[in-house]
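All ligand and atom numbering here is 1-based and tracks the order in the structure. For this chain, numbers begin at 1 and follow the sequence in order.
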Amino acid sequence: MKKIAVFTSGGDAPGMNAHIRSVVRTGMHRGLEVYGITGGYQGMIEGKFSLLDRKKTVNIIDKGGTILKTSRSEEFKTYEGRKKAVDNLRKYEIDGVIACGGDGTFHGANLLHKEFGIKIVGTPGTIDNDLYGTYFTIGYDTAINTAAEAIDRIRDTADSHGRVFVIEVMGKHAGHIAMDVGVACGAEYISVPEALENLDIIYEKMKELGMHSRIIIIIGEGGEFGGANELAQRLIEMYGIDVKTAVLGHIQRGGTPSVKDRVLASHLGMAAVDALLDGKTDVMVGRHYQKLTFTPLQDTWEIKKPIENYFFELAEIIS
Ligand code: F6P
(Lines give C-alpha, C1' and ligand atoms only; values in the text may rest on other atoms or scores of the structure.)
Protein backbone atom coordinates (compact mmCIF):
# COMPACT_ATOMS: atom_id res chain seq x y z
CA MET A 1 0.00 0.00 0.00
CA LYS A 2 1.50 3.32 -1.11
CA LYS A 3 -1.32 5.83 -1.41
CA ILE A 4 -4.41 6.26 0.70
CA ALA A 5 -7.20 8.83 0.69
CA VAL A 6 -9.38 10.30 3.42
CA PHE A 7 -12.69 12.15 3.15
CA THR A 8 -15.53 13.38 5.35
CA SER A 9 -19.16 12.89 4.39
CA GLY A 10 -22.72 13.55 5.58
CA GLY A 11 -23.26 15.97 8.46
CA ASP A 12 -20.01 17.56 9.66
CA ALA A 13 -19.05 16.80 13.26
CA PRO A 14 -16.63 18.56 15.62
CA GLY A 15 -13.40 16.57 15.69
CA MET A 16 -13.34 15.72 11.97
CA ASN A 17 -10.36 18.05 11.48
CA ALA A 18 -8.44 16.40 14.32
CA HIS A 19 -9.20 13.11 12.59
CA ILE A 20 -7.94 14.25 9.18
CA ARG A 21 -4.78 15.59 10.85
CA SER A 22 -4.15 12.27 12.56
CA VAL A 23 -4.75 10.22 9.38
CA VAL A 24 -2.32 12.42 7.43
CA ARG A 25 0.40 12.36 10.04
CA THR A 26 0.09 8.66 10.81
CA GLY A 27 0.01 7.83 7.10
CA MET A 28 3.16 9.83 6.44
CA HIS A 29 4.84 8.28 9.47
CA ARG A 30 4.08 4.83 8.04
CA GLY A 31 5.59 5.85 4.65
CA LEU A 32 2.33 6.48 2.78
CA GLU A 33 1.13 9.36 0.59
CA VAL A 34 -2.18 10.65 1.94
CA TYR A 35 -4.71 12.34 -0.34
CA GLY A 36 -7.69 14.36 0.81
CA ILE A 37 -10.91 14.22 -1.20
CA THR A 38 -12.79 17.51 -0.93
CA GLY A 39 -16.59 17.47 -0.70
CA GLY A 40 -17.29 13.85 0.32
CA TYR A 41 -18.62 11.40 -2.27
CA GLN A 42 -19.54 14.25 -4.64
CA GLY A 43 -15.91 15.36 -4.60
CA MET A 44 -14.83 11.77 -5.32
CA ILE A 45 -17.10 11.79 -8.37
CA GLU A 46 -15.72 15.16 -9.51
CA GLY A 47 -12.08 14.18 -8.96
CA LYS A 48 -11.32 16.68 -6.19
CA PHE A 49 -8.19 14.95 -4.88
CA SER A 50 -5.18 16.73 -3.38
CA LEU A 51 -2.05 15.54 -1.64
CA LEU A 52 -2.01 16.44 2.07
CA ASP A 53 0.98 16.90 4.36
CA ARG A 54 1.89 18.15 7.83
CA LYS A 55 1.77 21.80 6.74
CA LYS A 56 -1.75 21.46 5.36
CA THR A 57 -2.91 20.04 8.67
CA VAL A 58 -1.39 22.66 10.96
CA ASN A 59 -3.69 24.57 13.33
CA ILE A 60 -6.80 22.56 12.61
CA ILE A 61 -6.99 20.27 15.66
CA ASP A 62 -9.18 22.80 17.50
CA LYS A 63 -11.40 23.77 14.56
CA GLY A 64 -15.01 22.66 14.11
CA GLY A 65 -16.41 21.69 10.71
CA THR A 66 -14.15 19.94 8.22
CA ILE A 67 -11.39 21.39 6.06
CA LEU A 68 -12.24 18.70 3.49
CA LYS A 69 -15.85 19.94 3.35
CA THR A 70 -18.73 17.50 3.09
CA SER A 71 -21.87 16.73 1.10
CA ARG A 72 -24.88 14.47 0.82
CA SER A 73 -24.47 13.30 -2.78
CA GLU A 74 -27.53 12.17 -4.76
CA GLU A 75 -25.35 11.20 -7.73
CA PHE A 76 -23.38 8.74 -5.60
CA LYS A 77 -26.60 6.84 -4.88
CA THR A 78 -26.58 5.71 -8.54
CA TYR A 79 -24.31 2.98 -9.90
CA GLU A 80 -23.07 5.37 -12.61
CA GLY A 81 -22.09 7.92 -9.95
CA ARG A 82 -20.18 5.33 -7.96
CA LYS A 83 -18.43 4.14 -11.14
CA LYS A 84 -17.20 7.71 -11.79
CA ALA A 85 -15.93 7.91 -8.21
CA VAL A 86 -14.07 4.62 -8.58
CA ASP A 87 -12.53 5.74 -11.90
CA ASN A 88 -11.03 8.68 -10.02
CA LEU A 89 -9.74 6.49 -7.18
CA ARG A 90 -8.03 4.36 -9.84
CA LYS A 91 -6.71 7.40 -11.73
CA TYR A 92 -4.98 8.60 -8.54
CA GLU A 93 -3.84 5.03 -7.78
CA ILE A 94 -5.43 5.07 -4.34
CA ASP A 95 -4.86 1.73 -2.58
CA GLY A 96 -7.05 2.33 0.46
CA VAL A 97 -9.70 4.81 1.62
CA ILE A 98 -10.80 6.15 5.02
CA ALA A 99 -14.41 7.34 5.08
CA CYS A 100 -15.37 9.46 8.09
CA GLY A 101 -19.11 9.93 8.58
CA GLY A 102 -22.35 8.32 9.68
CA ASP A 103 -24.64 5.56 8.41
CA GLY A 104 -25.16 7.13 4.96
CA THR A 105 -21.41 7.38 4.49
CA PHE A 106 -20.98 3.75 5.52
CA HIS A 107 -23.71 2.58 3.10
CA GLY A 108 -21.69 4.21 0.33
CA ALA A 109 -18.41 2.73 1.55
CA ASN A 110 -19.96 -0.74 1.76
CA LEU A 111 -21.12 -0.43 -1.87
CA LEU A 112 -17.67 0.68 -3.05
CA HIS A 113 -16.28 -2.44 -1.43
CA LYS A 114 -18.98 -4.83 -2.68
CA GLU A 115 -19.31 -3.53 -6.24
CA PHE A 116 -15.71 -2.58 -7.03
CA GLY A 117 -13.50 -4.25 -4.40
CA ILE A 118 -12.27 -0.91 -3.02
CA LYS A 119 -10.35 -1.30 0.23
CA ILE A 120 -12.15 1.01 2.59
CA VAL A 121 -12.55 1.49 6.32
CA GLY A 122 -15.07 3.76 8.00
CA THR A 123 -14.58 5.96 11.03
CA PRO A 124 -17.59 7.15 13.08
CA GLY A 125 -18.01 10.88 12.50
CA THR A 126 -21.46 12.07 13.51
CA ILE A 127 -22.97 14.01 16.39
CA ASP A 128 -25.83 11.48 16.61
CA ASN A 129 -23.88 8.63 18.32
CA ASP A 130 -26.17 6.23 16.49
CA LEU A 131 -23.61 3.75 15.11
CA TYR A 132 -23.45 0.24 16.55
CA GLY A 133 -19.89 -0.88 17.34
CA THR A 134 -18.45 2.20 19.02
CA TYR A 135 -19.31 3.60 22.42
CA PHE A 136 -19.02 7.19 21.20
CA THR A 137 -18.83 8.75 17.76
CA ILE A 138 -16.55 11.66 16.87
CA GLY A 139 -18.48 14.88 17.54
CA TYR A 140 -20.98 13.50 20.04
CA ASP A 141 -19.26 14.75 23.19
CA THR A 142 -18.96 18.28 21.82
CA ALA A 143 -22.55 18.30 20.60
CA ILE A 144 -24.04 17.24 23.95
CA ASN A 145 -21.98 19.85 25.77
CA THR A 146 -23.04 22.55 23.30
CA ALA A 147 -26.68 21.53 23.67
CA ALA A 148 -26.40 21.43 27.47
CA GLU A 149 -24.95 24.93 27.56
CA ALA A 150 -27.83 26.28 25.45
CA ILE A 151 -30.42 24.46 27.59
CA ASP A 152 -28.89 25.82 30.82
CA ARG A 153 -29.37 29.33 29.43
CA ILE A 154 -32.98 28.63 28.52
CA ARG A 155 -33.57 27.20 32.00
CA ASP A 156 -32.55 30.54 33.55
CA THR A 157 -35.25 32.40 31.70
CA ALA A 158 -37.77 29.55 32.06
CA ASP A 159 -37.15 29.57 35.79
CA SER A 160 -37.53 33.34 36.10
CA HIS A 161 -40.91 33.30 34.36
CA GLY A 162 -42.12 29.94 35.60
CA ARG A 163 -42.62 28.77 32.03
CA VAL A 164 -42.94 25.47 30.24
CA PHE A 165 -40.29 25.05 27.54
CA VAL A 166 -40.07 22.30 24.96
CA ILE A 167 -36.55 22.10 23.55
CA GLU A 168 -35.74 19.99 20.51
CA VAL A 169 -32.30 18.49 19.99
CA MET A 170 -30.83 16.68 16.99
CA GLY A 171 -30.08 12.96 16.65
CA LYS A 172 -31.95 11.93 13.51
CA HIS A 173 -33.86 8.77 14.60
CA ALA A 174 -31.81 8.15 17.75
CA GLY A 175 -32.40 9.65 21.18
CA HIS A 176 -28.84 9.51 22.55
CA ILE A 177 -28.37 13.29 22.51
CA ALA A 178 -31.83 13.91 24.00
CA MET A 179 -31.36 11.39 26.79
CA ASP A 180 -27.87 12.54 27.78
CA VAL A 181 -28.61 16.27 27.79
CA GLY A 182 -32.03 15.72 29.35
CA VAL A 183 -30.44 13.97 32.32
CA ALA A 184 -27.53 16.43 32.44
CA CYS A 185 -29.80 19.48 32.43
CA GLY A 186 -32.31 18.20 34.95
CA ALA A 187 -35.21 18.10 32.49
CA GLU A 188 -38.64 17.33 33.91
CA TYR A 189 -39.45 15.15 30.89
CA ILE A 190 -37.38 13.55 28.12
CA SER A 191 -38.95 12.32 24.90
CA VAL A 192 -36.82 10.03 22.73
CA PRO A 193 -37.80 8.27 19.49
CA GLU A 194 -36.99 4.90 21.12
CA ALA A 195 -39.77 5.13 23.75
CA LEU A 196 -43.48 5.81 23.82
CA GLU A 197 -44.54 9.25 24.92
CA ASN A 198 -46.62 9.65 28.05
CA LEU A 199 -47.77 13.23 28.24
CA ASP A 200 -49.78 12.61 31.40
CA ILE A 201 -46.47 12.53 33.26
CA ILE A 202 -45.89 16.15 32.26
CA TYR A 203 -49.27 17.24 33.53
CA GLU A 204 -48.80 15.32 36.77
CA LYS A 205 -45.45 17.03 37.23
CA MET A 206 -47.00 20.46 36.62
CA LYS A 207 -49.65 19.75 39.25
CA GLU A 208 -46.99 18.55 41.67
CA LEU A 209 -44.70 21.55 41.14
CA GLY A 210 -47.42 24.17 40.83
CA MET A 211 -48.83 25.48 37.57
CA HIS A 212 -46.35 28.34 37.36
CA SER A 213 -43.21 26.33 37.86
CA ARG A 214 -40.47 26.02 35.34
CA ILE A 215 -40.78 22.83 33.32
CA ILE A 216 -38.09 21.79 30.84
CA ILE A 217 -39.03 19.15 28.31
CA ILE A 218 -36.33 17.79 26.00
CA ILE A 219 -37.42 16.11 22.80
CA GLY A 220 -35.23 14.32 20.28
CA GLU A 221 -36.06 14.97 16.66
CA GLY A 222 -37.23 12.00 14.63
CA GLY A 223 -39.93 10.76 17.01
CA GLU A 224 -43.19 9.37 15.72
CA PHE A 225 -45.26 12.40 16.74
CA GLY A 226 -43.00 15.18 15.46
CA GLY A 227 -40.68 17.65 17.18
CA ALA A 228 -40.90 20.50 19.70
CA ASN A 229 -43.58 22.48 17.88
CA GLU A 230 -45.93 19.50 17.54
CA LEU A 231 -45.43 18.49 21.18
CA ALA A 232 -46.03 22.06 22.36
CA GLN A 233 -49.21 22.24 20.28
CA ARG A 234 -50.50 19.01 21.82
CA LEU A 235 -49.80 20.30 25.34
CA ILE A 236 -51.55 23.57 24.59
CA GLU A 237 -54.60 21.74 23.23
CA MET A 238 -54.69 19.16 26.03
CA TYR A 239 -54.10 21.42 29.03
CA GLY A 240 -54.63 24.99 27.80
CA ILE A 241 -51.22 26.09 29.09
CA ASP A 242 -48.67 28.54 27.68
CA VAL A 243 -45.71 26.66 26.16
CA LYS A 244 -42.55 28.09 24.61
CA THR A 245 -40.39 26.17 22.16
CA ALA A 246 -36.76 26.19 21.05
CA VAL A 247 -35.22 24.10 18.28
CA LEU A 248 -31.47 23.99 18.85
CA GLY A 249 -30.73 22.78 15.32
CA HIS A 250 -27.32 23.19 13.70
CA ILE A 251 -25.82 25.09 16.65
CA GLN A 252 -25.14 21.55 17.96
CA ARG A 253 -22.91 20.68 15.00
CA GLY A 254 -20.53 23.64 15.14
CA GLY A 255 -17.83 24.93 17.44
CA THR A 256 -14.55 23.90 19.00
CA PRO A 257 -14.28 20.15 19.53
CA SER A 258 -14.01 19.00 23.14
CA VAL A 259 -10.83 17.36 24.41
CA LYS A 260 -12.59 13.97 24.38
CA ASP A 261 -13.55 14.38 20.72
CA ARG A 262 -10.06 15.50 19.71
CA VAL A 263 -8.48 12.51 21.41
CA LEU A 264 -11.03 10.02 20.05
CA ALA A 265 -10.67 11.48 16.54
CA SER A 266 -6.87 11.30 16.72
CA HIS A 267 -6.86 7.76 18.09
CA LEU A 268 -9.27 6.51 15.43
CA GLY A 269 -7.25 8.28 12.72
CA MET A 270 -4.14 6.33 13.63
CA ALA A 271 -6.15 3.11 14.04
CA ALA A 272 -7.83 3.51 10.63
CA VAL A 273 -4.49 3.89 8.81
CA ASP A 274 -3.15 0.82 10.61
CA ALA A 275 -6.32 -1.12 9.84
CA LEU A 276 -5.82 -0.49 6.10
CA LEU A 277 -2.19 -1.53 6.39
CA ASP A 278 -3.29 -4.72 8.19
CA GLY A 279 -5.52 -5.55 5.22
CA LYS A 280 -8.83 -4.75 6.94
CA THR A 281 -11.65 -3.53 4.74
CA ASP A 282 -15.43 -2.95 4.87
CA VAL A 283 -15.27 -2.36 8.63
CA MET A 284 -15.76 0.60 10.94
CA VAL A 285 -12.92 1.32 13.32
CA GLY A 286 -14.45 2.35 16.63
CA ARG A 287 -13.66 2.33 20.33
CA HIS A 288 -15.35 0.70 23.27
CA TYR A 289 -13.93 2.36 26.38
CA GLN A 290 -10.17 2.13 25.71
CA LYS A 291 -10.31 -0.82 23.32
CA LEU A 292 -10.37 -0.51 19.53
CA THR A 293 -13.22 -2.30 17.77
CA PHE A 294 -13.67 -3.40 14.16
CA THR A 295 -17.31 -3.80 13.13
CA PRO A 296 -18.54 -4.86 9.67
CA LEU A 297 -19.93 -1.70 8.07
CA GLN A 298 -23.35 -3.24 7.51
CA ASP A 299 -23.73 -4.04 11.21
CA THR A 300 -23.13 -0.42 12.17
CA TRP A 301 -26.51 0.64 10.81
CA GLU A 302 -28.41 -2.68 10.81
CA ILE A 303 -27.93 -3.38 14.51
CA LYS A 304 -29.60 -0.68 16.55
CA LYS A 305 -27.43 0.91 19.20
CA PRO A 306 -29.71 1.02 22.23
CA ILE A 307 -29.98 3.69 24.87
CA GLU A 308 -28.77 1.86 27.99
CA ASN A 309 -31.75 0.66 30.06
CA TYR A 310 -30.69 2.39 33.27
CA PHE A 311 -31.20 5.77 31.59
CA PHE A 312 -34.98 5.38 31.44
CA GLU A 313 -35.24 4.54 35.14
CA LEU A 314 -32.79 7.29 36.05
CA ALA A 315 -34.64 9.90 34.02
CA GLU A 316 -37.94 8.91 35.64
CA ILE A 317 -36.58 8.96 39.18
CA ILE A 318 -34.54 12.15 39.15
CA SER A 319 -36.57 14.38 36.85
O1 F6P B 1 -26.55 13.29 11.25
C2 F6P B 1 -26.26 14.53 11.80
C3 F6P B 1 -27.45 15.45 11.72
O4 F6P B 1 -27.11 16.69 12.32
C5 F6P B 1 -28.72 14.89 12.34
O6 F6P B 1 -28.75 15.03 13.74
C7 F6P B 1 -29.77 15.71 11.64
O8 F6P B 1 -31.00 15.03 11.59
C9 F6P B 1 -29.19 15.87 10.26
O10 F6P B 1 -27.80 15.69 10.38
C11 F6P B 1 -29.46 17.19 9.62
O12 F6P B 1 -28.89 17.17 8.34
P13 F6P B 1 -28.75 18.46 7.41
O14 F6P B 1 -27.72 19.35 8.00
O15 F6P B 1 -28.33 17.91 6.09
O16 F6P B 1 -30.10 19.10 7.40
Would you call Lys207 and Glu204 a salt bridge, using N to O less than 4.0 angstrom? yes
At under 4.0 Å between heavy atoms, which part of Glu221 makes contact with ligand 1: side chain, backbone, both or neither? side chain
Among all protein heavy atoms, pick the one closest to atom 3 (C) of ligand 1 and tell me residue, atom and distance. Arg253 NH1, 3.4 Å
Distance to 0.1 Å, residue and atom name: give those for the protein heavy atom nearest to atom 15 (O) of ligand 1. Arg72 NE, 2.8 Å
Salt bridge (Lys or Arg N to Asp or Glu O under 4.0 Å) involving Glu93 - partner list, sequence neighbours excluded: Lys3
Within the 4.0 Å heavy-atom shell around Met170, which atoms of ligand 1 are there? 4 (O), 6 (O)
Quick one: list whatever passes side chain to side chain donor-acceptor pair (under 3.5 Å) with Arg153, sequence neighbours left out. Glu149
Are the side chain of Thr245 and the backbone N or O of Ala228 linked by a donor-acceptor pair below 3.5 Å? no
Does Gln252 have a non-hydrogen atom less than 4.0 Å from ligand 1? no
Starting from atom 2 (C) of ligand 1, locate the nearest protein heavy atom and write down its residue, its atom name and how far away it is, to 0.1 Å. Asp128 OD2, 3.3 Å
Between Arg214 and Glu188 (salt bridge meaning N to carboxylate O under 4.0 Å), is one present in this structure? yes
re atom 14 (O) of ligand 1, the protein heavy-atom contact at minimum distance is His250 NE2, 2.8 Å
Under 3.5 Å between any N/O of Gly171 and any N/O of ligand 1: does that happen in this structure? yes
If you round to the nearest 0.5 Å, how far is CG of Leu248 from CE of Met170? 9.5 Å
